[in-house]
Structures are given as structure tokens and as C-alpha cells.
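See below for the structure under consideration.
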Amino acid sequence: MHLLVSADALSRYRERFAQVASTTSRPAEINWVLPSDSAAAHTLIDMAFISRDVTGNSTKTNILPDLANYYVALRRAMGLQWVHNHASGTDRPIFTELHERGVRITNSSGINANPVAHTAVGAIIALGRKFPAVLKAQQDIRWAPMMSHLDLHDLAGQTALVIGMGHIGQKIARILSAMDMHVVGVTHDTTKQRTAEGFNLVLDFETMRQAIPQTHYVVLACPLTTQTQGLIDAAFLSQLPQGSFLINVARGQVVIQNDLIEALHSHLGGAFLDVFATEPLETDSPLWRMPHVMISPHTAGHFTGHAEKVAQLFMHNLNNYLCGQPLLNEWQPS
């Protein structure tokens, strides 16, 4: 069995991965392959573990050398059977390419659900309670009480439309519900989520339009699919009430960015954006200079200990893979 890993992952996990492989009901010996190895070595790869250090600062639109070299090894591995990805998403083109070759893909969905959910809820509180304006006044050394802000509402009773009811969306809903907010969930299959905790109402993508005019906060926590790509467009945004907010901890391509900019100029109260169609966000984007917009550099899911949890999930799946058992978080393209 030949496993493609980075040099960093090999130094961290070599003994633990080898122990898992050797102690399953169907023991196997791991032969380690690095991206820097020869093309001949790459052809022997059966499995691959994509750790966070591999992607590094690469984005879907800016592939840096470490990730590019990894892609070369994956494409040379014509006997590749399984790839595990450290991230929750599998929307990079390489995964579709590999899946079409018959390669099984697993991701790390759910591992960073708490930090992402906490970030989204923090954004709702920050925007709703006007933290950006308070911070700006502090930077200006200016005492600026909020009594004149007629749009400084109590969050209790406000409606949040949470699009995406996976691990992250469900955690967001439970917290917002505890804050006495009215939470509407949107999912592609309502039959599975009718009784999900924290949601007052569950709609599908066809019927969610009825909730938009009453929505104060739109929270995007959905995967990027053919159904969600470009979902938040001018038509959607135009139905939101004056002063409403958008929080995106999903994928940048879910939002038509130019349409959002127009809506922020006209009637939206603000936005928290962790992801963008092109990353890093272009320096000339007007989003940088909007005082009611909070920009986060795709960090909502980062936390100390993430790498260890990914490794634990991989080891669980490694055991299952060798024993012929189902894999957790196996991806099936929508």
C-alpha cells in the first residue's frame, strides 16, 4: 500500500498511521510517497492524505507550488483509489477530476463546525450591535453613543435565514435559537430536517423565497453546488428589507459579488464576508472600503488543534478502508 503524504505530515503522523494500518483486521504495510519523489514512485500511489500544509496559502484561483506539485503526483497515480482532504469542501476542480476517474474522495466536514458557527454568530452580534461603528469611533478617539441609531435593534425576535443545514448550519441555529431569534432553515431535502433542533421553520430552495422579505440576517453555511452557485444575486438581494445583513461563511461563489456591492450601496445594513469568488480579495475591491462590511481572510474554520482532528478522522477512515467498511464523509457530487 502506497500513501502520498507531505513531508510535514510524514514527520508528524508516520508512526500513528503505520500503527493503524498494521493493527486492523486486515493488516497492511504503508509505503510512503512524497510529492518530491520520482514519477515512477507516484505511479504506485494507492491513497493520498491532503493535509493543511499542502494547500497552504493556495486558493482555487491561485495554486502555489506545494499544492501544484501534489496535483502532479495525484494525476500520475493512475492506480489511486482514495483521497482524504483536510478541508470540509470538495469544490476544487481536482476532486471532480479524480472522482471521474473512479477515485473515492473523503473530506473533513464537521471538524471545524464549532469555530465556523461561532464566527457566524459573532458576526451577527457584531453587525447587529454595530461593533464596526464602535471600533471606528475608538480608532478616531471619538465618544459616539448609539442613542441616535434608530436601527440598533434587539436581536431577540429578529429572523435569521440559515441557508445550509449541515453540521455548521445546525450549530448556528441552536445558538441563535438560544438568543431568542427566529430561525428559518433552507435545505435541499426538507424531509430529513423537518425536526432539526433550533429551527422554527424549514424550507427548500424553491419555497425559501417566501421568507426573504421578513429576513434580517442571511447566513450562508451551504456547500458550493450547482444549486447554490450564484444563489445570492440581485433578485434575491432586492427582496431583503432595508437594513438587513449578509453573513457568508460558505463559499464566495454562492454570492454574485457585484450584485452584493450594489445592494450594500443601496439598502443592506452590512455584511460579514469570510470567503470570496477570487481569493485573496482584489485590493481594488470597494468591499475593503465599506465601513459596514467586515472582511475575514477565509479564516472562520481555523483553530488550534484542527490538524490533529483531521489526522484522527483519517486514521478512522484508514481502518475502515482497509477493512472494507464505509468511509465517513465520502463525497458524492451533487
Side-chain angles (χ1 to χ4, degrees), residues 88-89 109-132 146 149 151-223 225 227-228 231-232 236-237 239-251 254-255 268-275 292 294 296 299-303 309:
S88 299
S109 176
I111 281 180
N112 62 1
N114 277 332
V116 176
H118 296 162
T119 298
V121 172
I124 289 174
I125 295 172
L127 291 169
R129 300 303 300 166
K130 308 244 176 244
F131 286 3
M146 291 287 173
H149 286 259
D151 56 347
L152 188 64
H153 301 291
D154 184 352
L155 292 175
Q158 298 272 293
T159 295
L161 184 68
V162 180
I163 300 178
M165 292 177 60
H167 298 290
I168 295 169
Q170 292 183 44
K171 287 181 181 292
I172 291 170
R174 288 196 292 270
I175 300 171
L176 297 184
S177 177
M179 292 165 55
D180 296 322
M181 294 185 69
H182 182 82
V183 186
V184 179
V186 178
T187 181
H188 71 282
D189 187 356
T190 58
T191 60
K192 294 182 179 179
Q193 304 283 8
R194 287 281 183 203
T195 60
E197 182 183 354
F199 294 95
N200 300 96
L201 178 66
V202 175
L203 303 172
D204 59 26
F205 284 88
E206 297 299 322
T207 57
M208 74 171 180
R209 299 283 172 178
Q210 69 189 49
I212 300 175
Q214 292 79 43
T215 295
H216 304 100
Y217 297 87
V218 177
V219 185
L220 303 178
C222 52
T225 67
Q227 192 171 39
T228 62
L231 178 68
I232 309 302
F236 183 105
L237 294 165
Q239 296 179 65
L240 288 170
Q242 181 77 29
S244 55
F245 300 94
L246 177 75
I247 292 89
N248 190 2
V249 290
R251 286 292 184 264
V254 176
V255 178
L268 290 193
F272 175 90
L273 306 173
D274 184 59
V275 288
H292 55 328
M294 300 176 69
S296 168
T299 57
H302 293 183
F303 68 98
K309 288 196 171 185

Can you check whether [Y]'s main-chain N or O pairs, donor with acceptor, with [X]'s side chain at less than 3.5 Å?
X    : Y    : answer
N112 : H302 : no
T187 : T190 : no
H216 : T159 : yes
T215 : A211 : yes

Find the distance between CG (L237) and CG (L246) and round it off to the nearest 0.5 Å. 7.0 Å
Quick note, side chain to side chain donor-acceptor pair (under 3.5 Å) partners involving residues 197-208, not counting sequence neighbours, are D204-T207
Could you tell me whether the side chains of D189 and T191 share a donor-acceptor contact shorter than 3.5 Å? yes
Are the side chains of T119 and D274 in contact, using a 4.5 Å heavy-atom criterion? no
Check: V254 and C222 side chains under 4.5 Å, non-hydrogen atoms: yes
The complete set of salt bridge (charged side-chain N to carboxylate O under 4.0 Å, His left out) pairs with one or both residues in residues 110-132, sequence neighbours excluded, reads K130-D151
Other residues, nucleotides and ligands only: do more than 12 of their heavy atoms fall within 6.0 Å of NE2 on H188? no
Could you pull out all residues at least two apart from N114 that satisfy side-chain contact (heavy atoms from CB on, under 4.5 Å)? H118, K171
